[in-house]
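Here is the naming used below: chain letters follow the sequence lines, and residue numbers restart at 1 for every chain.
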Amino acid sequence: MLPRLSFLIAFFISLISICQGQHKEIDAMLERANVLRGTDLDSSIQILKAAEQLSKESNYLEGEMLSAYRAIRQGMSQANYKELDPRIRKLQEKVKGKGIDLEKYIAEFDFIKGTILMSDNTIDSAVYYFKKSISWYLDHDMKKHTSSSYVNLSKIYLKQHNYAFVKECVEKAYDAMQDESKIMKFITLTSLTRNSFAIGDYENYAKYLVEGQELSKSFGKQRNDQVSEHSLAKQVFNIEDDSLIIRLENSIPSLKKQVNKFPLIITYTTLGMAYQELGRVEKAGQYFEDRLSLEKDIEGKTLAYSYLYENRKLAKDDSQALNYLERYHALKDSVFQKDVNQSIADLQSQIKNAEKDYEIREQRKQRNVLFSALIVLSLFASYFVYTLMKRNRLNKRIFEQKNLIDKQKIIQLKKENQLTRAQALLEGQEAERTRIASDLHDGLGGLLTTVKAHYSNIKSEVVALREMQSSGRVETMIDEACGEVRRISHDLMPNVLRLDGLQTAIEDLALNMKTVHHIDVDLEILNWDEQIDKKKETFIFRIIQELSNNIVKYANANHVVLQLNRVKEEIVILIEDDGIGFDLETALKKKGLGLNSTMSRVEYLGGEIDINTEIGNGTSVTINIPIA
Amino acid sequence: MISVIIVDDHKLVIEGIELMLSNSEGIQIVGTAANGLEALELIHEMSPDIILLDLNMPVMNGLELSKKIHSQKLKSKVIILSMMDELKLIQKLVQQGADGYLLKNSGKDEIVEAIRKVYKGEKHFDKKVLIQLMANTPTTKTRQSLIPKISKRENEILKLILDELTSNEIAHKLFISLGTVETHRRNLINKLGVRNTAGLVKKSIEFGLV
């Protein structure tokens with residue numbers, strides 16, 4: 001009896017310990033899944049599902065709920081509501097009446113249901129579940145769990161343009177999130193900032209923005225460069241929104257009233273970027289200036305100068321750009337100097353400490369202390385030298401840049417001068433060619449036709465003439481003359497271009513490359529629905545003609561891609577071959593290659609050209625031409 | 001009797017052809033016109049069997065007129081008589097339903113032969129033109145892929161964008177200006193029909209471009 005009893009006791013004890021062991025194992029699985037969530041979502045969900053199964057088997061309800069909840073939440077984005085709903089209902093049934101700690105899952109699952117329904121656009125039901133979840137939490141004094149539901153509700157109302165409700169939900173979410181963790185707070189604040197901005201509630205918008213920024217500072221070094229400012233703007237503003245600029249400008253008056261200038265700074269900068277994107281560089285510059293006038297600390301000013309420098313560069317206002325660049329470097333320098341002073345002070349105090357140590361331990365470790373002081377001193381010296389070198393380099397760079405800009409200015413002036421002359425020349429040339437071509441073709445060609453007609457008539461009348469040997473020769477000569485006239489006039493101005501526009505002319509060009517020169521041509525003409533200005537057509541044709549002539553003459557290519565793409569207000573030309581390529585610099589110096597005239601034609605049309613070539617590796621030329 | 005009208009903006013040429021056809025049996029010139037518009041009126045009035053048509057003319061050129069004749073389903077047949085020998089143009093005319101194509105230096109016999117053949121419902125092309133046409137049908141193949149061809153440079157830039165380089169870094173790496181990088185980026189966005197760089201990345205992965 002006794003052994004049996006003891007055996008039973010041992011069995012129960014081991015059972016309990018197994019269960020507890022399993023609990024631990026499940027907790028460990030949950031932990032593991034949590035770690036994996038960021039990098040490998042699928043595995044994370046798999047582990048959670050296994051944990052759920054294990055919890056079920058060992059009757060560990062809390063573990064089951066937690067793993068099921070996390071698995072569903074993590075897989076939410078690809079979830080199907082109809083499949084998921086019965087499962088969630090079952091889980092909710094299970095915890096009913098099992099105490100608040102477990103019953104709260106009912107509310108959590110309601111939140112999940114709401115979120116999935118929201119992304120399914122089943123708005124009414126989504127609102128119902130969010131409200132249900134909120135009311136459970138409020139009934140049980142767990143306000144902090146309601147903020148996510150309120151955020152989602154505000155998103156829904158925003159879509160429905162129900163701005164009063166949006167504001168209410170935003171404020172409630174803000175109130176609820178106060179006890180949340182820093183990260184949650186930051187995420188919530190971002191949503192609140194965005195929504196407040198969207199409904200034009202600029203006061204709250206500014207408040208949340210400032211709070212979010214201060215919070216983000218506490219995460220560590222994140223701000224103080226253009227990139228993070230940019231990404232902040234991306235999170236808060238809907239960049240795709242066409243009315244963004246108007247909204248931003250509307251927000252300015254109420255932002256001006258704020259004590260903290262950060263929202264205003266962000267707004268000015270975003271406006272500047274937006275205008276710059278639209279090509280309204282001057283307007284953009286004004287906003288960057290406005291921003292500069294608000295900046296108090298050195299970091300902000302430095303950033304403002306860098307924006308202004310880029311803006312002026314875009315505006316081709318070289319002297320002003322240089323001015324900003326210098327100021328930028330000067331400020332950077334002073335920040336740098338501050339850092340240096342700080343580290344020198346640090347080093348000095350280190351030395352002092354070392355000296356103290358030296359005094360204290362003089363008798364015992366004379367050599368060691370001397371040695372460490374020496375190290376500190378040499379560190380100091382090398383740091384000093386390093387600093388000097390860096391400053392020197394910086395000065396040199398500014399000087400070089402200044403020189404470069406001056407040089408560029410002179411080159412540009414020269415170029416502009418050349419350009420006006422070249423333009424006049426080019427235009428005259430095309431007009432002249434057209435005239436000569438039509439004279440030749442219509443005039444001389446017509447005359448020859450008539451001569452031949454008359455001649456063959458005479459020939460048929462006069463028997464003696466028909467029998468003369470030279471008769472055949474005369475006809476051949478007339479034919480040759482006709483062919484010659486055709487060739488010359490085509491070279492001068494292709495008839496197809498005159499008759500049927502650019503597309504057919506290019507198609508004929510490609511066909512010609514194929515049939516006459518046996519080069520495989522891949523021709524793509526995209527979005528070509530309406531005709532463009534005749535004069536432009538001629539120029540574009542000349543460009544393509546010249547480039548394909550080059551390929552035929554020099555490239556030794558087997559395959560050519562010729563692409564004309566018309567997008568919005570520009571034409572994009574791509575000519576690419578698999579030939580022998582060339583050295584661009586040498587080619588540009590040589591005059592006869594036709595590259596120079598191509599480039600001046602592109603310049604004349606206000607376009608851009610990019611020649612990408614390498615000896616032995618083909619040539620790829622892209623040309624963008626505006627057609628306003 | 002085959003009725004013919006001649007359409008050409010040069011009086012000399014019309015005179016020459018009239019002269020050539022004056023002694024030909026069974027062929028009668030019933031009218032002449034100096035451009036496509038005049039000719040169209042004349043065709044409606046006379047409905048000739050054959051139209052000898054020049055291409056390069058003011059007001060309405062021969063290409064446009066032949067298109068009109070075809071689309072209005074007029075019964076007159078068209079023989080092009082032109083100085084031009086651009087293959088693409090001829091292909092286009094044949095597609096539009098021209099029944100013959102002669103070069104302007106054709107002799108009397110050839111013109112007469114062409115008129116008689118076309119009248120009977122056959123086609124007639126200048127020998128030189130015919131050889132080219134036969135050697136080159138079907139016409140230039142146009143690529144039929146889902147997306148336009150991506151250039152070498154665009155490919156380079158796409159790769160660097162995927163490597164998360166900024167435009168400035170790309171410019172430095174490829175020794176081109178920042179503006180050029182931005183232009184290529186814009187071209188890529190247009191070519192792939194996306195709205196921004198994120199879309200670019202997505203599409204390029206989707207189509208396995210890099």
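Residue B:N23 touches chain A through its side chain alone, counting heavy-atom pairs closer than 4.5 Å. Both the backbone and the side chain of A:V496 have a heavy atom closer than 4.5 Å to some heavy atom of chain B. In this structure, chain A has no heavy atom under 4.5 Å from any part of B:E64. Neither the backbone nor the side chain of A:L562 comes within less than 4.5 Å of any heavy atom of chain B. Both the backbone and the side chain of A:N495 come within less than 4.5 Å of a heavy atom in chain B. For A:T622, the part sitting under 4.5 Å from any heavy atom of chain B is the side chain, from C-beta outward, and nothing else. Residue B:E15 does not touch chain A at all, counting heavy-atom pairs closer than 4.5 Å. For B:L178, no part lies under 4.5 angstrom from a heavy atom of chain A. In this structure, the portion of B:N187 lying under 4.5 Å from any heavy atom of chain A is its side chain and not its backbone. Interface residue B:I176: only side-chain heavy atoms are found under 4.5 Å from chain A. Only the side chain of A:N624 comes within less than 4.5 Å of a heavy atom in chain B; its backbone stays farther off. Contact of A:T619 with chain B is made through the backbone alone, with heavy-atom distances under 4.5 Å.
You'll find the side chain of A:L499 reaches within 4.5 Å of the side chain of B:M84, heavy atoms only.
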Q.
B:E156 vs A:N612, test: side-chain contact (heavy atoms from CB on, under 4.5 Å). Steps then yes/no.
A. CA-CA 11 Å; B:E156 283 172 356; A:N612 182 10; 3.7 Å; yes
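The candidate with the highest count of non-hydrogen atom pairs below 4.5 Å against chain A, out of B:D54, B:T166, B:N56, is B:N56.
A donor-acceptor contact shorter than 3.5 Å is absent between the side chain of A:E524 and the backbone of B:P148. Side chain of A:N565 to main chain of B:K191: no donor-acceptor pair is present (N/O by atom type, distance under 3.5 Å, no hydrogens or angles). Using a distance-only test at 3.5 Å, with no hydrogens or angles considered, a donor-acceptor pair links the side chain of A:E576 to the main chain of B:K152. The backbone N or O of B:T180 sits nowhere less than 3.5 Å from a side-chain atom of A:D610 that would complete a donor-acceptor pair. B:K92 places no side-chain N or O within 3.5 Å of a backbone atom of A:T504 that could act as its donor or acceptor partner.
The line from CD of A:E570 to CG of B:N190 is 7.0 Å long, rounded to the nearest 0.5 Å. Between atom OG1 of residue B:T183 and atom CD1 of residue A:I623 there is a gap of 12.5 Å, rounded to the nearest 0.5 Å. With rounding to the nearest 0.5 angstrom, the SG atom of A:C482 is 5.0 Å from the CE atom of B:M83. With values rounded to the nearest 0.5 angstrom, A:S620 atom OG is found 11.0 Å from B:I150 atom CD1.
Annotation for B:K203: atom NZ counts as buried by contact number, over 12 foreign heavy atoms lying within 6.0 Å.
Scanning both residues, A:D508 and B:E86, for their nearest heavy atoms gives OD2-CG, 3.2 Å.
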